[in-house]
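Below is one structure; the comments refer to it alone.
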2 protein chains.
Amino acid sequence: MARILVVEDETDIQEILEYNLKRDGHDVVLTGTARDGLRHARERRPDLVLLDLMLPDGSGTELCKTLRQDAATRGVRVVMLTAKGEEIDRVIGFELGADDYIVKPFSVRELLLRVQAVLRRVSTGESGETTQFGTLRVDRGAHRVWVNGQEVELTALEFKLLLTLHDRRNRVQTRDALLSDVWKIDADVTTRTVDTHVKRLREKLGAAGIYVQTVRGVGYRFAERPDEVA
Amino acid sequence: MARILVVEDETDIQEILEYNLKRDGHDVVLTGTARDGLRHARERRPDLVLLDLMLPDGSGTELCKTLRQDAATRGVRVVMLTAKGEEIDRVIGFELGADDYIVKPFSVRELLLRVQAVLRRVSTGESGETTQFGTLRVDRGAHRVWVNGQEVELTALEFKLLLTLHDRRNRVQTRDALLSDVWKIDADVTTRTVDTHVKRLREKLGAAGIYVQTVRGVGYRFAERPDEVA
DNA sequence: TTGGTTCGTCACAAGGTCGTCACCTTCGCG
DNA sequence: CGCGAAGGTGACGACCTTGTGACGAACCAA
C-alpha cells in the first residue's frame, strides 16, 4: 500500500508499529537512529516517515528538518511521535514541516487512522502545508490564516485551536477534548475557557467564523455549512 | 456516560475500579473470569472493556483477541491492565489491538484519564461514522441527522435517544431500558418523560418519524416497517 | 520599569432544553 | 359500541448552557 520508514529506538514501540502497519498492508522498514533513518529515507524514498522525537544520536526534529530540505527526500511525509510532556506541541511540529503529530502513549487505531489520513492527502495531491477550507486558508508552517484573501492575526492559542478543530472537521469536539489537545498538559483551566477562546476565534475569523459551530450540550464542530453532506 | 465492563479477578481492584468509574458517571459491570467477560461483552456491548492480563480461566490476551474478532463485539474498546513485570505482554496487548494499557499499581487518576481519553476517541476517531437507514442519515461523529437529505436539528438528548433506538433496531426497548441507557445515571425521571421525548423526536424527524414505532404495553421499537420482526 | 498583549475567570443575560402535568386521542377487548 | 388503560400532545416553569463584556494576572519586549 505504502512504504513507511519507522525511526524509533524503543524496540517494543517498534514492534507495535511494525506489526500493525504491516497488518494494514504497508511496507515497513525499522531503524533506531537518526543516521540510519536519513540513509534509508534517501535510498528508499518512503512515502511516509514515522519519526520519534527523542533519538539516541540526535533529535528527531533535526532529522525532520533535514528530510524537508534534502532534495533526495523531497515530498516525503513525516509524522512525529512524541512522549507526553516533551517540550513540543502541534504547532512546533508543524513548523518543522511534520504532516501530523501523535502523542505517546497513543492508541493503535488512532495511529493507523492518522497514517491513513496523511497518505490520503499524498494521493490527492493536497499540500501538507496549506489548506483551503471554504473562504478560509491556513498555512500551518507559516502560522498564517487568511479569510477571503485577507490575512487574519491569530494568537498562538487561537491558531492551535483552529488547527485542532480544522483537523477534526465534521466531528464534534467536546470541550474536554479540546482542552487536552490544545492546552498544555498541566493546564488547569475550566471548560468555560474554551468558550471564551472560541468566541475570540470567531470574532477574528469574521465571516469564516460560521465554520465554528456550537453543538449544544456536546461541544464544538468545524464544518463548512450547516447542511453539508457528510 | 459510558458502559464499561471490568474483567478482573482481584476483588480489591474490582472495588476500586467500580467505585471510581461509577463516580465518573459510568455504567459499570464487574466480572472475574474471561468466560463471564465474553458473555457480558456480547450481551451488553459495552463501550469499553477494562481487561486484566492474568485471569484464573485463561489469559486476557485471548479474550482481547476474541473481542476484536467477534462480530458481536465489534467496535468495543479494550484497555489492558497488567502487573509490573509483565512487560512482554504489553507488546502483545497492543498487537492484539488493545487501545491502551495501564500498569499496576496504577494511580486512580491516571486510570480515569486514560479511560476518558479512550472513550473520547470512540466518539471522535472512527471514520465511516455515518449510517443510512431508509430516508434517515446519521453522522455520529458530527452529531448530525438528515431526513431525505435535509438536515434536522436534534438536541443532545434526542440525538442520544435516536442512536440508542437505532443501535437496537428491530428490537423493542422498554421505557425503563431507554431511561437507563439514554438518561444520566442519577436522573430521577418518570417513564412518561420518554414518551415526551419520543414525541419530540418524531416531530423533528418528520417523515422519518414513522421509524419510531410504539409497541403498546411494552415500549418503543426502531424499524423500517411496522411489521418487521427481528 | 513600562506599556502592550494574551489569557483565564467571572458574572450576567438570553435563550434553549427538559421534566412534568393535565388533557386528549387511540387502542384493545368484551 | 363502550370502557379503561396506554400513549400522544401542548403548555409551562425550572434549570442549564452558551455568548459576551469586563477585569486582572502573567508574560514579554523595549
Side-chain angles (χ1 to χ4, degrees), chain A residues 87 89 91 143 145 152-165 172-206 209-222 226, chain B residues 1 25 143-145 152-165 172-206 208-222 226-227:
Chain A
E87 275 304 309
D89 60 31
V91 171
H143 225 279
V145 175
V152 170
E153 303 275 343
L154 297 184
T155 69
L157 206 142
E158 287 158 0
F159 187 73
K160 230 197 282 189
L161 176 59
L162 174 60
L163 272 193
T164 304
L165 287 166
V172 179
Q173 299 291 109
T174 65
R175 289 174 174 75
D176 282 333
L178 290 170
L179 276 179
S180 78
D181 283 349
V182 177
W183 274 257
K184 292 213 166 75
I185 316 286
D186 55 351
D188 181 28
V189 294
T190 60
T191 54
R192 294 309 312 276
T193 301
V194 178
D195 297 47
T196 303
H197 283 275
V198 164
K199 181 225 172 200
R200 289 171 181 159
L201 182 57
R202 281 174 174 156
E203 217 163 65
K204 290 199 183 174
L205 290 184
I210 57 162
Y211 297 150
V212 183
Q213 296 158 10
T214 304
V215 181
R216 193 163 239 274
V218 188
Y220 294 99
R221 174 182 57 206
F222 197 82
Chain B
M1 196 177 185
H143 236 267
R144 303 172 90 170
V145 174
V152 170
E153 303 273 344
L154 298 184
T155 70
L157 205 146
E158 287 158 0
F159 188 75
K160 204 168 165 195
L161 176 60
L162 173 60
L163 282 190
T164 304
L165 287 166
V172 181
Q173 298 292 110
T174 65
R175 289 175 176 73
D176 283 331
L178 289 170
L179 276 179
S180 76
D181 282 348
V182 177
W183 273 257
K184 292 205 176 95
I185 204 97
D186 56 346
D188 180 29
V189 294
T190 61
T191 54
R192 295 308 310 273
T193 301
V194 179
D195 297 48
T196 303
H197 283 276
V198 165
K199 180 233 172 194
R200 289 172 181 159
L201 182 57
R202 282 175 173 154
E203 209 165 71
K204 290 197 184 176
L205 290 185
I210 57 163
Y211 296 149
V212 183
Q213 294 152 15
T214 305
V215 181
R216 211 180 163 74
V218 188
Y220 294 98
R221 174 182 55 202
F222 195 82
D227 55 354

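In the text below, chain A, chain B and the rest are named by the order of the sequence lines, each starting its count at 1.
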Practice task
Nearest-nucleotide wise, let me know which of Val218(B) and Gly219(A) is further upstream toward the 5' end of DNA chain D.
Solution key: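 In this pair, the answer is Val218(B).
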
For [X], enumerate each residue passing the side chain to side chain contact (heavy atoms under 4.5 Å, CB included) test, keeping only those at least two apart in sequence or located in another chain.
{"X": "Val218(A)", "answer": "Val172(A), Val215(A), His143(B), Ala156(B)"}
{"X": "Ser180(B)", "answer": "none"}
{"X": "Thr155(A)", "answer": "Leu157(A), Glu158(A), Lys204(A)"}

Practice task
Just jot down the salt bridge (charged side-chain N to carboxylate O under 4.0 Å, His left out) partners of Arg192(B), sequence neighbours excluded, or say none.
Solution key: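 Arg192(B) satisfies salt bridge (charged side-chain N to carboxylate O under 4.0 Å, His left out) with Asp195(B) once adjacent residues are dropped.
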
Exercise for the section: Please name all residues satisfying salt bridge (charged side-chain N to carboxylate O under 4.0 Å, His left out) with Glu203(A), sequence neighbours left out, ordered by chain then number. Expected result: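 Glu203(A) satisfies salt bridge (charged side-chain N to carboxylate O under 4.0 Å, His left out) with Lys199(A) only.
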
Provide a list of protein-nucleic acid N or O atom pairs under 3.5 angstrom, restricted to nucleotides 10-18 of chain C.
residue, atom, partner, partner atom, Å
dC18(C), OP2, Thr155(B), OG1, 2.7

Integer-rounded Å distance: [N] [atom2] and [X] [atom1]:
{"X": "Lys199(A)", "N": "dC7(C)", "atom1": "NZ", "atom2": "P", "answer": "14 Å"}
{"X": "Glu203(A)", "N": "dT6(C)", "atom1": "CD", "atom2": "P", "answer": "13 Å"}
{"X": "Leu179(B)", "N": "dT20(C)", "atom1": "CG", "atom2": "C1'", "answer": "14 Å"}
{"X": "Asp195(B)", "N": "dT25(C)", "atom1": "CG", "atom2": "P", "answer": "17 Å"}
{"X": "Leu178(A)", "N": "dC7(C)", "atom1": "CG", "atom2": "P", "answer": "15 Å"}
{"X": "Leu201(A)", "N": "dC7(C)", "atom1": "CG", "atom2": "P", "answer": "12 Å"}

Handout entry: With Thr174(B) via side chain to side chain donor-acceptor pair (under 3.5 Å) - residues at least two apart
Key =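 Residues passing side chain to side chain donor-acceptor pair (under 3.5 Å) with Thr174(B): none at all.
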
Exercise for the section: Could you tell me which residues satisfy side chain to side chain donor-acceptor pair (under 3.5 Å) with Arg202(B), sequence neighbours excluded, listed by chain and number? Expected result: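 In terms of side chain to side chain donor-acceptor pair (under 3.5 Å), with neighbours along the sequence ignored, Arg202(B) is linked to Thr214(B).
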
Problem - Tyr220(A): ring-ring contact (aromatic ring centres under 6.0 Å, His included) partners, not counting sequence neighbours - result: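 Result, ring-ring contact (aromatic ring centres under 6.0 Å, His included) vs Tyr220(A): none returned.
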
Handout entry: Leu179(A) side, atom CG; Thr190(A) side, atom OG1 - distance, nearest 0.5 Å
Key =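 Interatomic distance, Leu179(A) CG to Thr190(A) OG1, rounded to 0.5 Å: 8.0 Å.
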
Problem - Bend angle of the helix from dT1(C)-dA30(D) to dG30(C)-dC1(D), from helix axes over five pairs at each end, nearest 10° - result: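 Computed from the C1' atoms at both ends, the axes differ by 40°.
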
Handout entry: Closest non-hydrogen atom pair, Trp183(A) against Val189(A)
Key =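 Nearest heavy atoms, Trp183(A) then Val189(A): CD1-CG2, 4.2 Å.
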
Practice task
Search all heavy atoms of Leu165(B) against all heavy atoms of Leu201(B) and return the closest pair with its distance.
Solution key: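 Looking at all heavy atoms of both residues, the closest pair is CD1-CD2, 4.4 Å.
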
Exercise for the section: Using chain A heavy atoms and a threshold of under 4.0 Å, write down where along DNA chain D the contacts begin and end, 5' to 3'. Expected result: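 Footprint of chain A along DNA chain D, 5' to 3': dT17(D) to dA22(D).
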
